[in-house]
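On a predicted model such as this, the values are computed, not experimentally measured, just so you know. To find a chain, count down the sequence lines: A is the first, B the second, and so on, and within it residues start at 1.
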Protein chains: 2
Amino acid sequence: MTSPTVRGTPVDARPLRADAERNRRRIVDAAREVFARHGLEAGLNEIARHAGVGVGTVYRRFPDKDSLVAAALDEEVARMLAVADAAQRSDDAWSGLVLLLEEGLVLLSSNVGLRDLLLSQRTDPLDDGPEHLFLPYVESLVDRARVEGTVRPDVTVQDVGMLWCMVSELARHSVDLAPDAWRRYLALFTAGLRAGAVPDVPPPLDEEVAQEVLTRWIGLGGTRAPGAS
Amino acid sequence: MTSPTVRGTPVDARPLRADAERNRRRIVDAAREVFARHGLEAGLNEIARHAGVGVGTVYRRFPDKDSLVAAALDEEVARMLAVADAAQRSDDAWSGLVLLLEEGLVLLSSNVGLRDLLLSQRTDPLDDGPEHLFLPYVESLVDRARVEGTVRPDVTVQDVGMLWCMVSELARHSVDLAPDAWRRYLALFTAGLRAGAVPDVPPPLDEEVAQEVLTRWIGLGGTRAPGAS
DNA sequence: GATAACTGGATAGCCCGTATCCGCTCGCCG
DNA sequence: CGGCGAGCGGATACGGGCTATCCAGTTATC
């Protein structure tokens, strides 16, 4: 509340000096990239380095880390809300639910930082916690799907939440290696949720890639020699 | 390799003084409890406090943290291997697979430390990394089940690994709140793996409990007022 | 009762994060 | 074109949490 902002961009002061504005952009871009790849636990030093500026410059523009996070992820959050909204407006609830899960995971899985923001223990990440906004969407979709009879009658909102957490946890470990890996597991999962027949399930990952993801995740060395370093 | 040990218990020196032996036991017990509840990232100070001794005493008995981890979790690892072995010996591979997944998760989900040891990036946790031992078991079970025609023909070993990671990740967040929560999600998942019909799926969790687990996991406040603190 | 094993917990040392500070640079406006 | 203040980098303060050490005091044991 110190200075009025619109989506993280100050509106009160007169425009920044040209170079400052350029740097500000660089910083936000760098933050987007770094947060996306390494999640929110990335340090501001790394971001500064990645942006080619000093940490001081970062703190000059953004009072604290949270502000930078907000500025960097803001857009993605909006995109996420748009997805929820689109899913909501879907004619049949099952497709809506699948759309929400899939498109949501497209976003979450390509951006670890977004995942951290929405699905991690964080107190009040943006001003009033955007993650609170999703619950009602999911709730109404699940209810409608139950009425339609397209999901098992016992499916709950929390089921969807848990599923989202679990699958995105996987996605987190395979972002850069097999960005679509989660699709298979999501499908296997939704197969279990669906009332009637079993939907299509994407084919297994390439064995080596899958092994590599697991290796990274659980440090369980694959068949290939440990070798270097 | 400094001093010969059997399962973490020294065998070379003459028996410890009575009080020392008593303390050693207390320490291992405390470590078991604390690791089980909070995972391996628990500090030795906490364990010492929990055991009613000083940190010094811990380090007198165990050269470093890893040794303590080994001594504390050793038994659980053996139990895990026993499960894998039993599953292996099952007549039909599907039951074996389900047994392995379920009983394995019984162990993993009741002991965060064990989960950390087996399913986390850790280099060489016990002497030669016990987690490497499981792969062959799973591999052979999956192969046999494929031949039996009880799993989808495209199911892979890595599928099972991923599933284990994902579900145990959930378990990690619900240990003390809904220790059996994972069963439902495991079932939903295996339903997707199974070739033919959909197996029984445990009923949803109590709504409030499920919400609480999610809240703890993703910090997403439930419907109930935030209230205190 | 002598002795050495044992004890507790203060503390050293490390790593890694956020955030601050200050002497210097350089874009902008008169 | 020149001077001034916004802007700059990055060394550094500060804090928290961890593993591991050390040593003066205690106590089981023979």
*After noting the C-alpha distance and the side-chain angles of R115(A) and E41(A), does the key distance pass the salt bridge (charged side-chain N to carboxylate O under 4.0 Å, His left out) rule?*
CA-CA 12 Å; R115(A) 201 208 86 105; E41(A) 82 294 12; over 6 Å; no
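- Qualifying side chain to side chain donor-acceptor pair (under 3.5 Å) partners for R60(B), counting only residues two or more places apart in sequence or in other chains: none.
- Ionic pairing of D180(A) and R183(A) is present here: one or more N-O contacts between side-chain nitrogen and carboxylate oxygen are shorter than 4.0 angstrom.
- What separates CG of N23(A) from C1' of dA6(D) is a distance of 12 Å, to the nearest Å.
- R61(B) has its CZ atom 11 Å from the P atom of dG8(C), to the nearest Å.
- If you take CZ of R26(B) and P of dC6(C), they are 16 Å apart, rounded to a whole angstrom.
- Classification of R32(A) and E76(A) as a salt-bridged pair fails, no side-chain N sitting under 4.0 Å from a carboxylate O.
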_Full working for salt bridge (charged side-chain N to carboxylate O under 4.0 Å, His left out) between E21(B) and R25(B)_ = CA-CA 6 Å; E21(B) 177 57 31; R25(B) 274 209 145 62; 2.9 Å; yes
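- dG7(D) atom P lies 13 Å from atom CZ of F62(A), rounded to whole Å.
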*Spell out protein contact along nucleotides 23-30 of chain C as letters: B when the base is contacted, S when just the sugar-phosphate is, - when no protein heavy atom is under 4.0 Å; keep the 5' to 3' order.*
----SS--
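- For the residue pair Y59(B)/D64(B), the side-chain donor-acceptor check at 3.5 Å is not satisfied.
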*asked:* Please encode protein proximity along nucleotides 10-24 of chain D as a string of B, S and -, counting only heavy-atom distances under 4.0 Å.
replied: BB-------BBBB--
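- Contact check for S109(A) versus V175(A): no side-chain heavy atoms found under the 4.5 Å cut-off.
- Contact annotation: the side chain of F62(A) never approaches that of V69(A) to less than 4.5 Å [non-hydrogen atoms, C-beta and beyond].
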